[in-house]
Number of protein chains: 2
Amino acid sequence: MTIPPETDAPPVRGKRPKQGEPVVDRALSLLAVFSDRRRALTLSELARYADMPAPTALRLIARLVAWGALERLDDGRYVVGVRLWEVASLSPRGHGVREIALPYLEDLFEVTRHHVLLAVRDNEQAVLIERLSSRDATEVAYRVGGRAPLRSTAVGLVLLAGADHQFQEAILRKPPEDEPGVAALPEGQVRRTLSDVRRTGIAMIRRTAPSRTVSVASPIFDAQGSVAAALSIVVPDGSTPPNVLAPAVRAAARAVSRNLGHQAEVSSDVWTHSQG
Amino acid sequence: MTIPPETDAPPVRGKRPKQGEPVVDRALSLLAVFSDRRRALTLSELARYADMPAPTALRLIARLVAWGALERLDDGRYVVGVRLWEVASLSPRGHGVREIALPYLEDLFEVTRHHVLLAVRDNEQAVLIERLSSRDATEVAYRVGGRAPLRSTAVGLVLLAGADHQFQEAILRKPPEDEPGVAALPEGQVRRTLSDVRRTGIAMIRRTAPSRTVSVASPIFDAQGSVAAALSIVVPDGSTPPNVLAPAVRAAARAVSRNLGHQAEVSSDVWTHSQG
DNA sequence: CAATGCTATTCCATCCAATGAAAGAGCACT
DNA sequence: AGTGCTCTTTCATTGGATGGAATAGCATTG
């Protein structure tokens with residue numbers, strides 16, 4: 001589609017395409033283009049997905065590459081760079097909890113030989129921080145660095161239960177994003193579930209896809225007593241009964257909490273804080 | 001090249017502080033301020049370390065926070081955000097190799113119960129991508145996300161040996177950054193060592209600080225046959241003899257290489273490629 | 001409790017970095 | 001030689017970025 005080069009009377013005076021957006025935002029939007037499915041991108045792909053002219057994209061990318069946020073492959077495509085990963089490894093809620101939790105995740109993993117997950121909440125979703133899996137374990141839905149819904153995963157429910165009340169209400173008001181293999185609970189039942197989670201320190205979810213599994217999750221508390229993360233184990237449905245797993249999961253989560261500086265409550269109520 | 005339009009301009013007129021630097025670079029320099037020792041910073045600290053006026057820093061930080069590259073703590077300080085960590089998890093040389101290598105690292109770890117390390121090269125240093133440690137293992141010098149010198153660590157030697165010749169020479173010409181607990185090898189001996197590493201697929205380093213340890217490292221190759229990463233094990237000096245560890249380390253490294261798409265050579269020469 | 005010293009935030013007139021169309025260069029396929 | 005694509009460079013225009021100055025907040029001090 002080539003427009004006749006003449007048209008000497010440009011209707012809109014040049015144009016007003018995309019100006020007005022801060023440069024930093026544009027640079028960040030280039031980073032945001034990368035995803036699980038898009039790990040290596042060409043200049044034109046980046047420009048297209050980030051919705052900016054190629055020269056602009058190129059200029060910004062050049063800066064990102066110079067710093068190390070992106071790296072250029074031999075074939076000219078761009079990927080996320082090690083330097084960015086390095087800085088990101090300083091994220092307290094990313095690598096931070098992960099570092100502290102890993103030994104306990106490993107213990108749990110070695111004993112059970114099933115998937116062990118660690119997740120934190122970011123806005124309205126859970127972000128998977130760590131996953132330990134034996135090579136022959138059942139298929140699992142999420143990858144490290146990926147996102148999962150709050151309402152329909154075990155870690156999500158734990159994180160949601162630990163969020164302040166106002167946030168919970170906001171989430172409950174929204175229509176549930178339906179998740180393959182998980183029956184969407186009606187609002188009332190979610191409320192009851194969240195209350196159970198707070199009381200017992202355990203959330204369970206049964207999935208039928210991508211495979212039939214049961215997840216058991218428990219909260220990890222920080223020094224302020226708020227829920228900083230959630231730890232869970234995922235086993236094939238019908239293998240170990242969930243109530244057998246629960247104590248191990250809770251124990252692991254408590255161990256991590258302690259290492260985060262959390263003072264365990266004397267009370268039997270596991271969850272007395274952080275109800276905004 | 002711009003010719004000075006007119007020299008009549010007032011000499012410094014107020015000042016010419018820092019202008020002229022691309023905004024993106026400034027934003028990135030804010031991220032670069034974070035380090036192992038500086039994980040949570042105030043606005044003024046960020047402005048000071050990144051060498052820019054507070055209002056400028058605040059404006060940029062506001063964009064970074066809005067996107068999720070930074071997060072603001074209750075006390076007003078800023079930390080690296082989960083969103084950045086999430087994007088960084090797409091880094092092929094960061095989480096990428098890590099994801100593929102982890103099961104094999106774990107095997108090695110479970111068998112030996114000693115530190116297992118995974119590192120890639122970034123410019124003139126090795127970046128630690130993963131480290132598995134039992135809680136009671138000997139003290140180790142590096143943390144995940146941290147950097148280590150190429151000339152005086154086992155993984156570093158492996159990565160250096162796998163770099164193109166021109167780069168190797170550049171490194172060898174530089175004075176060795178002396179590393180606590182490691183005897184700096186003279187240039188000639190480093191050359192010989194690198195050649196040995198290429199021949200045997202094994203590098204060894206003995207340290208005396210922070211504790212007396214022996215490291216044994218082996219290269220991980222990608223599909224193109226170049227050294228993508230290095231895997232090593234760190235044991236207390238005097239425990240398992242290094243030559244007993246070597247086969248296990250090499251086997252683990254080869255397993256990872258295979259999963260990266262590397263076609264093992266039929267020849268006994270483990271290392272025939274990537275000599276620029 | 002005024003004074004001091006710090007950090008965080010808002011404001012705004014100035015100006016330079018950012019912008020993107022256009023054109024050129026390179027490459028693959030026809 | 002022609003077509004269609006992506007990547008790169010150039011450059012005149014302009015709007016976002018800039019940072020000093022002022023304000024607000026908040027401890028600590030005399």
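Per chain, numbering begins at 1; letters A, B, ... match sequence-line order. Fair warning: this is a prediction, and the values are worked out from it, not measured in the lab.
- Here the straight-line distance linking atom CZ of A:Arg83 with atom CG of B:Asp122 works out to 8.0 Å at 0.5 Å rounding.
- When each of A:Val23 and A:Tyr78 is assigned the nucleotide of DNA chain D bearing its nearest heavy atom, the one mapping closer to the 5' terminus is A:Tyr78.
- For A:Ile61 and C:dT19, the CD1 to C1' distance is 15 Å, given to the nearest whole Å.
- Across every non-hydrogen atom of B:Leu194 and B:Leu157, the tightest pair is CD2-O, 3.6 Å.
- Between the CZ atom of A:Arg26 and the C1' atom of C:dA18 there is a distance of 9 Å, given to the nearest Å.
- The side chain of A:Ser44 contributes an N or O atom lying less than 4.0 Å from OP1 or OP2 of D:dC7.
- Considering CG of A:Asp36 and OH of A:Tyr142, their distance stands at 13.0 Å, rounded to 0.5 Å.
- Per the geometry, CG belonging to A:Asp75 stands 13 Å off C1' belonging to D:dT6, to the nearest Å.
- Counting any heavy atom pair closer than 4.0 Å across all strands shown, B:Arg63 reaches no nucleic acid atom.
- Across C:dA8, C:dG20, D:dT18, the shortest atom-to-atom separation from the side chain of B:Thr42 is found for C:dA8.
- Of the candidates D:dA17, D:dG19, D:dT8, the closest approach to any side-chain atom of A:Leu58 belongs to D:dT8.
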**OP:** Start with the C-alpha distance between A:Arg77 and A:Glu45, add both sets of side-chain angles, then the distance that settles salt bridge (Lys or Arg N to Asp or Glu O under 4.0 Å), and finish with yes or no.
**Re:** CA-CA 9 Å; A:Arg77 291 184 303 168; A:Glu45 286 170 331; over 6 Å; no
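- A:Leu160 has its side chain within reach of A:Phe167: a pair of non-hydrogen atoms, C-beta onward, lies under 4.5 Å apart.
- Closest to the side chain of B:Pro55, out of D:dT8, C:dA18, D:dG19, is D:dG19.
- Rounded to a whole Å, the CG atom of B:Leu60 is 12 Å from the C1' atom of D:dG16.
- Distance CZ (A:Arg72) to P (D:dT6): 14 Å, rounded to an integer number of Å.
- One can place CG of B:Asp25 at 13 Å from C1' of C:dA18, the figure rounded to the nearest angstrom.
- For the salt bridge (charged side-chain N to carboxylate O under 4.0 Å, His left out) test, no residue two or more places apart in sequence or in another chain qualifies with B:Arg72.
- Look at CG on B:Leu43: it is 8 Å from C1' on C:dT7, rounded to the nearest Å.
- Residue contacts for B:Thr56: at a heavy-atom cut-off of 4.0 Å it reaches a base atom on one of the strands shown.
- As rounded to whole Å, 12 Å separates atom C1' of D:dT18 from atom CE of B:Met52.
- Across its full length, the helix from C:dC1-D:dG30 to C:dT30-D:dA1 shows an angle of 40° between the axes of its 5 terminal pairs at either end, rounded to 10 degrees.
- No hydrogens or angles were tested; on distance alone, nothing pairs the side chain of B:Arg59 with the base of D:dG16 as donor and acceptor under 3.5 Å.
- Each of D:dT6, C:dT19, D:dA17 was ranked by its minimum atom distance to the side chain of A:Arg48; first place goes to D:dT6.
- For the pair B:Arg26 and B:Met52, the tightest heavy-atom approach, listed with the atom from each and the gap, is O-CE, 3.6 Å.
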